[in-house]
Amino acid sequence: MKKAIKRILIFLFFALIAASLIYIGIYFEKRSNPIYIYKTGIDSITTKIDEYVKVDNKYILGDNINISGTVDVDLTSEKYSEEASTNIDSSKKNNMINNLSRMDIKYGFIQSKKDNKLLVSLDERINDEIIIDGKYLIDNSTKYYFVNNILKNYVNDGNNTYFELLNNEKTSLDNVDYLYSFIKDSLSKELGERAKKYVINTNVNNKQEELNEVSIRLTDKEIKNILKDILKSLKKDKEANKILSSIDNKFSKRKVNEKKEYLKKNESYTINIYSTKLFNKIKKYEIVYMNKDNTKNYSIDVNKNKGVFYYSEDNNLKYKANYIITSKKTNIDIYDNVDKKIGNVVIEKDVNNLLFTLTLKNKDKSYDIIASSKFKNYNKNQSYTNEITMSVKIMEKQKSVLSGTIKSISKVNNKPIITEDIAEAVLKSTLTDEENDKIDNLYDNIKGRLENA
């Protein structure tokens, strides 16, 4: 009896060892998979960005929300102003800057989940001249649009299922987060499946290391193939398809534009991620741009919450930057190719404020940019104000290329009221060719108007 028990215990012991080895093998195989490595890299980068971009939960008022805002632009350019009479491109840029500075800009976003209504509006005017006065409306599972000076009435643009996806358990923010995560994972999968894996010696943090390298070369054709497969995944996934179809009822028929050129024939980007051989801990990111014989290299050596960024052209170091990231602050010191400090970037964030500052002086060019976002007048779960301000001063040969401020003020509350009159809305099929052409060319027409005095 004792021998039988002993044999059983020995068997269980070796079975446990075998199972553990199998598990460890599967674990390390998973971590060494290019898909896993790209996902880890993308997640790591986006997590850091999200820490600064995402607002605190107390400022999320839900699906019944009213946002009304204004933008005030006050910019000038000494360089383009002086060149305007002799250079067409400078004249267009100078006119654009002056017209934006003269413009009154108002925008709105109102969503009433209880009434199944949504209204997005943009109103831009220079004195009494309407540059654009446009509205997009969802009402009673139907979408409408209106463009003043082109249309006399709202246009019925067909069915819309946007509000059908919102309930007590799911919000519009949940849908955005789902798509965001799905696209990140899909991109990781597509990059990983196409990537090649090597073991190489490379310089990281000023020392040579033997590391795993996963690498993919992106050409125009490869980018289109990746976009096609991501689009296919979005259509195949039931939840993603429902969300996107609720926004765009033609989503199921959408295709990647084969005529669009992302990269020219001789252009390519190679994305490399370097990781340790055992645990595949990421040590370095690298992007190599090639155009015929010209090469640009962007790389980041990673060491916990600090590291070094390098930028080279044709294997010649141009700039480097040392960065340190903490929970509330990122500091980046920028150096030229002879290790002379030429600039600094600081990003600071707390619950109510975000501050970005950039100072950079290199040869005959200098950049001074300060941008901030401040939340004010907070009334718990009811309302607040957000102010975004940017001041910019870009100099070249002691002349101002661009100088001034841009300020946006948004007032937000949880009292959405939409009273748009759609009683005389017309079907899209009734629009004239002239009206359709004006709507199709709206962006180009506005851009052309602003580029002229």
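Only heavy atoms go into these numbers, but all of them, side chains included; no hydrogens, no water, no symmetry mates.
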S.K.: Between D220 (side chain only) and L263 (backbone N and O only), is there a donor and an acceptor less than 3.5 Å apart?
M.R.: yes
S.K.: Main chain of K281, side chain of T276: is a donor-acceptor contact present, judged purely on distance under 3.5 Å?
M.R.: yes
S.K.: Measuring from atom OG of S186 to atom CG of L234, what distance do you get when rounded to the nearest 0.5 angstrom?
M.R.: 6.0 Å
S.K.: Is K374 close to N386 at the side-chain level, that is, under 4.5 Å between some pair of heavy atoms?
M.R.: no
S.K.: Can D74 and K407 be counted as an ion pair, charged N to O under 4.0 angstrom?
M.R.: no
S.K.: Please check if atom NZ in K399 has more than 12 non-hydrogen atoms from other residues, nucleotides or ligands closer than 6.0 Å.
M.R.: no
S.K.: Using a strict cut-off of less than 4.0 Å between a Lys/Arg side-chain nitrogen and an Asp/Glu carboxylate oxygen, indicate whether D229 and R194 qualify as a salt bridge.
M.R.: yes
S.K.: If you count every heavy atom of other residues, nucleotides or ligands that lies below 6.0 Å from D364 atom CG, does the total exceed 12?
M.R.: yes
S.K.: Roughly how far, to the nearest 0.5 Å, is the OH atom of Y262 from the CD atom of E267?
M.R.: 14.0 Å
S.K.: Within a strict 4.5 Å, meaning less than it, do heavy atoms of the I409 and T385 side chains meet?
M.R.: yes
S.K.: For E190 and K232, what are the C-alpha separation, side-chain angles and deciding distance, and is it a salt bridge (charged side-chain N to carboxylate O under 4.0 Å, His left out)?
M.R.: CA-CA 11 Å; E190 298 305 328; K232 188 185 297 182; over 6 Å; no
S.K.: Starting at OG of S112, measure out to CD1 of I65 and round the result to the nearest 0.5 Å.
M.R.: 12.0 Å
S.K.: When you look at S312 and N316, which way does the side-chain hydrogen bond (donor to acceptor under 3.5 Å, both in side chains) test go after all the steps?
M.R.: CA-CA 5 Å; S312 303; N316 296 313; over 6 Å; no
S.K.: Is there a side-chain contact between I105 and D123 in this structure, where contact means two heavy atoms from C-beta onward sitting under 4.5 Å apart?
M.R.: no
S.K.: Ring centroids only, cut at 6.0 angstrom: are Y298 and Y289 within range, meaning strictly under it?
M.R.: no
S.K.: Report yes or no: does N441 contribute a side-chain atom to a donor-acceptor pair with the main-chain N or O of D444 at less than 3.5 Å?
M.R.: no
S.K.: Could you please spell out the steps behind the salt bridge (charged side-chain N to carboxylate O under 4.0 Å, His left out) verdict for K189 and D185?
M.R.: CA-CA 6 Å; K189 175 178 176 292; D185 292 346; over 6 Å; no
S.K.: Less than 4.5 Å apart, any side-chain heavy atom of K376 and any of Y384?
M.R.: no
S.K.: Report the C-alpha separation of Y311 and N337 in whole Å, then their side-chain angles, then the decisive distance to 0.1 Å, and conclude whether the side-chain hydrogen bond (donor to acceptor under 3.5 Å, both in side chains) test is met.
M.R.: CA-CA 9 Å; Y311 170 67; N337 60 339; over 6 Å; no
S.K.: Crowded around K306 NZ? As in, over 12 foreign heavy atoms under 6.0 Å?
M.R.: no
S.K.: One pair to check against side-chain contact (heavy atoms from CB on, under 4.5 Å): K135 and S121. What are the steps and the verdict?
M.R.: CA-CA 4 Å; K135 297 177 182 180; S121 62; 4.1 Å; yes
S.K.: Within the supplied structure, the quantity of interest is the number of heavy atoms (other residues, nucleotides, ligands) at a distance under 6.0 Å from K224 NZ; does it exceed 12?
M.R.: yes
S.K.: Less than 4.5 Å apart, any side-chain heavy atom of S91 and any of N95?
M.R.: yes
S.K.: Tell me if the NZ atom of K113 is crowded by more than 12 foreign heavy atoms within 6.0 Å.
M.R.: yes
S.K.: With side chains defined as the heavy atoms from C-beta onward, is the minimum distance between Q111 and N64 less than 4.5 Å?
M.R.: no
S.K.: Over all heavy atoms of both residues, which pair between K106 and T70 is shortest? Give the atoms and the distance, please.
M.R.: CG-CG2, 4.2 Å
S.K.: Without hydrogens or angle criteria, can the side chains of S383 and Y378 be said to hold a donor-acceptor pair below 3.5 Å?
M.R.: no
S.K.: Salt-bridge test for K264 and E261: reply yes if a basic N is under 4.0 Å from a carboxylate O, no otherwise.
M.R.: yes
S.K.: Can you tell if the side chain of Y274 reaches within under 4.5 Å of the side chain of N212, non-hydrogen atoms only?
M.R.: no
S.K.: Atom CD1 of I88 and atom NZ of K93: how far apart are they, to the nearest 0.5 Å?
M.R.: 13.0 Å
S.K.: Looking at Y59 versus F375, is the centre-to-centre ring distance below 6.0 Å?
M.R.: yes
S.K.: Are any of the side-chain nitrogens in E129 or R125 under 4.0 Å away from the carboxylate oxygens of its partner?
M.R.: no
S.K.: Please check if the side chain of S101 supplies one atom and the backbone of L75 the other of a donor-acceptor pair under 3.5 Å.
M.R.: yes
S.K.: Does T295 form a side-chain contact (heavy atoms from CB on, under 4.5 Å) with E313? I'd like the steps, not just the answer.
M.R.: CA-CA 6 Å; T295 303; E313 292 181 5; over 6 Å; no
S.K.: Should R254 and D248 be marked as a salt bridge (charged side-chain N to carboxylate O under 4.0 Å, His left out) after you check the CA-CA gap, both sets of side-chain angles, and the distance that decides it?
M.R.: CA-CA 9 Å; R254 296 296 181 192; D248 177 10; 2.8 Å; yes
S.K.: Nearest 0.5 Å, please: how far is CD1 in I130 from CG in N148?
M.R.: 4.0 Å
S.K.: Is there a side-chain contact between K228 and E258 (heavy atoms, below 4.5 Å)?
M.R.: yes
S.K.: Please answer whether the main-chain N or O of P416 pairs with a side-chain N or O of N66 as donor and acceptor at a distance below 3.5 Å.
M.R.: no
S.K.: Does a side chain donor of either S245 or N241 reach within less than 3.5 Å of an acceptor in the other side chain?
M.R.: yes
S.K.: Closest heavy-atom contact between L218 and E222?
M.R.: CD2-CG, 4.0 Å
S.K.: Yes or no on side-chain hydrogen bond (donor to acceptor under 3.5 Å, both in side chains) for T202 and K284, after CA distance, side-chain angles and deciding distance?
M.R.: CA-CA 10 Å; T202 187; K284 180 178 179 178; 3.2 Å; yes
S.K.: Please determine whether the number of non-hydrogen atoms from other residues, nucleotides or ligands lying under 6.0 Å from atom CD of Q398 exceeds 12.
M.R.: no
S.K.: Determine whether K341 and D333 satisfy the following criterion, salt bridge (charged side-chain N to carboxylate O under 4.0 Å, His left out), listing intermediate values before the conclusion.
M.R.: CA-CA 7 Å; K341 186 175 178 179; D333 291 325; 3.2 Å; yes
S.K.: Before you tell me yes or no, could you show the steps for N201 and E209 under side-chain hydrogen bond (donor to acceptor under 3.5 Å, both in side chains), namely the whole-Å CA-CA distance, both residues' side-chain angles and the distance that decides it to 0.1 Å?
M.R.: CA-CA 5 Å; N201 282 297; E209 289 192 51; over 6 Å; no
